[in-house]
Amino acid sequence: MEKNYFCEGADKAPQRSLFNALGMTKEEMNRPLVGIVSSYNEIVPGHMNIDKIVEAVKLGVAMAGGTPVVFPAIAVCDGIAMGHQGMKYSLVTRDLIADSTECMALAHHFDALVMIPNCDKNVPGLLMAAARVNVPTVFVSGGPMLAGHVKGRKTSLSSMFEAVGSYNAGKFTLDDVDEFENKACPTCGSCSGMYTANSMNCLTEVLGMGLRGNGTIPAVYSERLKLAKHAGMAVMELLKKNIRPRDIMTEEAFKNAIAADMALGCSTNSMLHLPAIAHECGIDLNLELVNEISEKTPNLCHLAPAGPTYMEDLNEAGGVYAVLKELLDAGLINGDCLTVTGKTVAENVAGAVNKNPEIIRPIDNPFMANGGIAVLRGNLAPDTCVVKRSAVAPEMLKHEGPARVFDCEEDAIAAIRGGKIVAGDVVVIRYEGPKGGPGMREMLNPTSAIAGMGLGSSVALITDGRFSGATRGASIGHVSPEAALGGNIALVHEGDIIAIDINAHSIELKVSDEELANRRKEWTPREPKITTGYLARYASLVTSANRGAVLEIKK
C-alpha cells in the first residue's frame, strides 16, 4: 500500500506537525489518508443516522490499512424546504456541495474518499465532486426510510402532502391529517418511495460508484452498517488498483443509468442530475438519448408515488441488482462497465435473483412497454421538457385543455385550493426556472393539492420549475427555455389551448407562429427577484434545465 503524500521528507514536516496537533500517530501518518465526506446533520431525517454510518466506514478503512479523516458536506431537506423561500435554496446546494467537497479534498491532498450522502442534491453534488477530484472513491448512503402505516395502508411523505390536499377539499378531517402527520414518516432515512434521493442512490449503484444495496437497504437495518464497513474496505482496494471515478463513470455507464432509471421509474430530477454529473466527467449527455433508451426499455417497477410499494419492498425483491439482471439478460445495458467492486456490472449481477415479480416485473410482463420518464418537445418547449410517465394516469397520457396561467407557485396553489381549477385545465406555472426562480423550486405543493382535490386524472401541470420525486400525475417540468429567458412559456395567455401527447413526446401551444411573434414584441424581461447573496450569483451563472442546470462562467 502506498504511503500518503505527507509522510516523508523534511519539506513535509510542517504539515506533519499539524497532524500531530490532531493527535495522529506516526503509524497513522504513514498510511493513506482517506477522506470521509459526512453529510450528517440534525435537521434532515435522511441524515440523522449518518454519524453511525461514518463510524462504520472509518472502521472499514482502518481495518483495510487506511487512516480515515472526516469532513462535512451540507444537505437540505426538500420536504422541510417545500412551500416557502427555502425551496429556492435546494437545487443550488448541489453546486455548493460539489464546490466545497472539491476544495476540502484537494486542499488536504486525500489519497481516496468515501462519500456518505443521502438526500436529493447531496448525492449528485458529491458525485460531481468525485468526478472533479478523481481519486479512488466509494459511495455509501444513509439508506431509505421505512414506509409508514395509516388506516391499514403503507404511506410516505407524498401521502402526507396529499392528505393536506384532501383536507382542503373537505374530504379529510383534522384528525385524519394528524394521523398522517404522526405516522407517514416513521423512521430516519431518505423518504420511503422512489423519490429523488432514493432514485439517485439507486443510480449510484448502477453507475458503479456504490456497492450492492446502497440504494435500497433501509436506514434502520444493521445491514446498512455492514455495507458501510465494506465501503471502507472497498475504497482501499480501489486505491491499490488505482481505479478512479472517471474510469467508472463512462459514457456507457451513464447509458446504463438512463436504462435503469426507465426500469425503476425514477424521479424526473434525475434528468437534471445525470447530465450535470456527466458534465463533470467531460461527457455531454443529450436528453434526446433518454427517449431513444426509453422506447426500448420497459418500466419494471411502480414504487411510490407511482404505485403502492416502497423501497423496503424493492430491497426484499432483490434490489437494484435484480433489476439490472433483468436488463442485462435482455441486452438493454452494457455489462462490461467497471464498478467500485473492481468487477464489471455483469460479474456483479451474475447471481442476482428477482424474488418478487410483482415488485420487479420481468421483462416480458412490464408495467409499461416503455420507460418511466419521457422527454417532450414542441413549440411550448423547443429545448425539451420532462415528465414521469410511469406516474401519469393512462387517461392523461394524451390531454388537451385551456391554460390557467400563474407567474409563481403561490398564486397557483391559491387558485387550486380555492376551487378555481376544474377538470380539463392545464395549469401553467412560470418564472420558476433555474434563473427565474431563482433556484428552480419543486412543485410538490400544487401537484399534491391537485391530487388531493381529486383532479389528478383530469388536470395537467406544466412549469419551467421542477417536481419532487414524490409528485405524481401529468406533471411536466423543466420547460426550456424558461420564461425568464424569454421562452415561449412566457408568452402563454389565459385560455390558450395546450395539447400534450406524452407517448408521442409532444407538447404544443395551439397559437400561430405569427401570434407568438406579436406577443414576443410586447414581452419584456422581468427584473431579477433576488439581487444579492448566493442566489443572485447562482442566477448569473446557471444554464437551462435541459443542460442539467450546470453553472457556467460567461465568456
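- Using a 4.0 Å cut-off between a side-chain N of Lys or Arg and a carboxylate O of Asp or Glu, Glu179 and Lys151 qualify as a salt bridge.
- With salt bridges taken as basic N to acidic carboxylate O contacts below 4.0 Å, one links Asp425 and Arg404.
- Side-chain rings of His302 and Phe367 approach one another, their centers coming within less than 6.0 Å.
- Between the OG1 atom of Thr196 and the NZ atom of Lys121 there is a distance of 5.5 Å, given to the nearest 0.5 Å.
- Side chains of Asn370 and Ser294: no donor on one and acceptor on the other come within 3.5 Å.
- Counting only N and O atoms by type, the side chains of Ser199 and Ser267 include no donor and acceptor under 3.5 Å apart.
- Contact check on Glu432 versus Arg466 returns no salt bridge, with no Lys/Arg side-chain nitrogen under 4.0 Å from an Asp/Glu carboxylate oxygen.
- Using a cut-off of 4.0 Å between Lys/Arg side-chain N and Asp/Glu carboxylate O, Glu326 and Arg361 are scored as not salt-bridged.
- At a threshold of 4.5 Å between non-hydrogen side-chain atoms, the residues Leu287 and Met271 count as touching.
- With no hydrogens or angles considered, no side-chain donor-acceptor pair links Glu410 and Asn445 at under 3.5 Å.
- Here the two rings, on Tyr534 and Tyr89, have centers that are 6.0 Å apart or farther.
- Scanning all heavy atoms of the two residues, the minimum distance from Ala352 to Tyr321 falls at CB-O, 3.6 Å.
- A donor-acceptor contact under 3.5 angstrom links the side chains of Ser156 and Tyr195, judged on distance only.
- Between the side chains of Asp176 and Thr173, at least one donor-acceptor pair of N or O atoms lies under 3.5 Å.
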Steps toward salt bridge (charged side-chain N to carboxylate O under 4.0 Å, His left out) verdict (Glu409, Arg441) = CA-CA 9 Å; Glu409 176 191 8; Arg441 288 194 287 181; 3.5 Å; yes
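- Contact check on Asp313 versus Lys154 returns a salt bridge, with a Lys/Arg side-chain nitrogen under 4.0 Å from an Asp/Glu carboxylate oxygen.
- Arg224 CZ: more than 12 foreign heavy atoms inside a 6.0 Å radius.
- Residues Ile43 and Cys77 fail the side-chain proximity criterion, which asks for heavy atoms closer than 4.5 Å.
- Checking Thr216 against Asn315 by side-chain atom types alone, a donor-acceptor pair falls below 3.5 Å.
- Applying the 6.0 Å contact sphere to NE2 of His505 captures more than 12 heavy atoms from other residues, nucleotides or ligands.
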